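Side chains are part of it too, since the values below use all heavy atoms of this structure and drop only hydrogens, waters and symmetry mates. Values in this document were obtained by computation on a predicted structure and should not be read as measured data. Ligands are counted one by one from 1 in listed order, and the atoms in each one are counted from 1 as well.
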Amino acid sequence: MPLNSESHPRRRARGCAAPTALLGIVLLGGSLFGGGPAQAAAAAPPPLLLGTAWYPEQWPESRWPKDLALMQAAHIRVVRVGEFAWSTFEPRQGVYRFGWLERAIAEAARHHIFVVIGTPTAAPPAWLTSRYPQTLRVHADGRRAQHGNRQQFSFSSPLYRKLCRDIAARLAQHFGHNPDVIGWQIDNEMGPPSFDAGTRRRFHAWLRRKYHTIAALNRHWTTAYWSETYDHFRQVPLRAQGENPGLLLDFKRFVSATWASYVENQVRAIRRAAAPRQFITTNTTHWGDQFDQYAISRELTLAAWDDYVPDGHFHWLENAVQDDLVRGYKRRDFWVMETQPAFVDWAPVNAALPPYRMRELAWQDVGHGANAVLYWQWRSALNGQEQYDGTLVGPDGEPVPAYRVVQAIGAQFALAGAALAGTTPRSRVAMLQSYASRWAIDFQRQTVRFGVVHEFTAFYQPLERFAQSVDVISPRAPLGRYRLVVAPALNVLSRAEARHLAAYVRAGGHLVLGPRTGMKDPYDALWPGRQPGPLVPLLGGHVGQYYSLLKPVPLAGRLGSGQASVWAETLVPQAPDTRVLMRYGKSNGWLDGKPAIITRRVGKGSITYIGAWLDPPLMSAVLDDLARAANVHPFIPGVARNVEVCERLGNGKRVWILINHGRKRHSVRLPAPASPLLTGGPARRTVKLAPHEVSVLLAPLT
Ligand code: GAL
């Protein structure tokens, strides 16, 4: 999996309109308004769900019982339906056909399968875009999107939003009290903004609300530079690249606010009609930074993401960090709304995950807080742009090899699910992830090698190995429960955030800052007081100068020795009690002998600044030492490097999930006897893990 979202070949264009195969067969009517037939209360869904994306609208109804029986036999307990079915739901404006979905849900229920309904707004039907071409998205170069493919709408269009609200409301009126419908997904993998005239006007209105006067905007963006001074808000260009950093950052914030209100529009429509027990989520992408995920998540009940490993190379720590990132969107358990049955169809080489990796991935998701894992997709549409993507059954409707693997995972979920009910990961270590900082560095990388996600992951890996659980959260989240808080590149740091971090340190917390932290204020302007900006007084030191590196440079100190690459900052201690932990060795003449890591105790807490991107062994040595000093302990000490340990706590239970990601056998000595749930048998102190084996254990609370 590529480390950098920015280099991720996330989406390639897909040529033509969404399939509406067999439309005629499935358009069998259905009541027009509200309610749906009265139904008896369904049993509660199991606490851990295996599922799949199912597209009944693409198949004759006579086929559904066979599909659902096969799903049931694979322990599938949830299907997500409908998220691309607008042309089937509403074949003509105002003509609604929900009967088919009602019958599909009833048939699923007969097979003990629950349903999540996706609002179909990622793929507007042809009648909509021909009647309302003004709802089509405009690309950054001014070209208007044509109908076809998906995501061709303008996210800010009031008209498009009205149409979305209508279809979402109709669906909620119809299915909002259906006992077998447990939740809703808004849209699908939202992402691209639009550069149409209406969006531009709304950007200007947004800027006006934020700055009140154009003079304030000019001041914060330092527009005297290059004669950028504006006389009116309406002169500000709508551009996502190559502009003043203040403008670029505000554009991303505006995009985030616009997507947030896009979500809210549908959430409100659903909430008005649906039972509160039905959750509302949306599915997000790998490290997606098209908008601020925390802003979008505010309106949702829970977060969900699509966990894909397009090139088939599963690296457990690189996947784990993304689970933790998504758990941090709402600081609670989450769903994996899509993952691959072996392979996808959108990477340069769509290599298959080996069967054992599919199992490792699913259990890792659960270990990090997922309560559902759904495979995309059940069966390929016979035509449509994704004919090559992995499925669980083939075009003939019979299982393909991935089916058996998923079935085995489902059997394990069924065995361990009850123990996991009400549990969630509890971390003592947090990493701070800020969209503003990611964007700001990406606008001006200074070295192309400074991938923010890459750097974040470089810090995450040793922390996760050491602590066995890391929360990835916004810098504004409460910090009281953490012994150690690490901010790898908190480039944009507001005074309020700095106060929040300083309060954490003063209350006894241990804060570690990484390179490029505290360089910019919230307008993406340089802090005049040098890095880390408003935290300079607490640190008792600052960054003297930063350098992009062509070659690694040596550094050494009390915590070991090694090399820095990509980026190095010289640090200047100012306070008498600010200590130097590491210095650069002889290198490029600028860095030689200068401090690379400094630290200061503040009461029982501490603040440490790491000015360089350290090589992996040195990063481990430094972070392990800082974690130990912060009184952080692993749940299960002494495990082999390739064994992942996850702990979920709650409801009076402690569950350990051990995953051997390696090719060797390993024994794990547990701190207390625990009962193996997948194999059965008595409680034990030692667990033997075969290569790639997963063990789920119910442990005593103390
Ligand atoms: C997802 C998307 C699905 C499907 C899948 C193919 O990102 O949400 O609709 O396109 O990729 O792998």
Legend entry - Atoms in ligand 1 with a heavy atom of Phe84 nearer than 4.0 Å: 9 (O)
Inset, instruction - Heavy-atom distances under 4.0 Å are what count here, so tell me which part of Thr285 touches ligand 1: side chain, backbone, both or neither. - result: neither
Legend entry - Contact atoms of ligand 1, heavy-atom distance to Glu386 under 4.0 Å: 4 (C), 5 (C), 6 (C), 10 (O)
Inset, instruction - Would you check whether Glu83 has a nitrogen or oxygen atom less than 3.5 angstrom from a nitrogen or oxygen atom of ligand 1? - result: no
Inset, instruction - For Asp389, take its heavy atoms, then give the atoms of ligand 1 lying under 4.0 Å from any of them. - result: 6 (C), 12 (O)
Legend entry - With Tyr160 via ring-ring contact (aromatic ring centres under 6.0 Å, His included) - residues at least two apart: Phe153
Legend entry - Side chains of Arg161 and Gln266, donor plus acceptor under 3.5 Å: no
Inset, instruction - From the options His286, Glu189, Arg150, select the one whose nearest heavy atom is closest to atom 9 (O) of ligand 1. - result: Arg150
Legend entry - Salt bridge present between Asp471 and Arg327 (N-O < 4.0 angstrom): yes
Inset, instruction - Please answer whether the main-chain N or O of Ala347 pairs with a side-chain N or O of Asn350 as donor and acceptor at a distance below 3.5 Å. - result: yes
Legend entry - Any N or O of Trp346 closer than 3.5 Å to N or O of ligand 1: yes
Inset, instruction - Using a strict cut-off of 4.0 Å, indicate which atoms of ligand 1 neighbour a heavy atom of Asp306. - result: 8 (O)
Legend entry - Counterpart residues, side-chain hydrogen bond (donor to acceptor under 3.5 Å, both in side chains), relative to Arg131 (two or more places apart): Gln93
Inset, instruction - First locate atom NE2 of His111, then atom CH2 of Trp64, and finally report the distance between them rounded to the nearest 0.5 Å. - result: 13.0 Å
Legend entry - Structural part of Gln377 in contact with ligand 1, heavy atom criterion under 4.0 angstrom: neither
Legend entry - Side-chain donor-acceptor pair present, Arg137, Ser157, cut-off under 3.5 Å: no
Inset, instruction - Report yes or no: do His75 and Gln407 form a side-chain donor-acceptor pair below 3.5 Å? - result: no
Inset, instruction - Just jot down the ligand 1 atoms closer than 4.0 angstrom to any heavy atom of Asn188, in number order. - result: 2 (C), 8 (O), 9 (O)
Legend entry - Heteroatom distance test (Tyr55, ligand 1): nitrogen or oxygen, under 3.5 angstrom: no
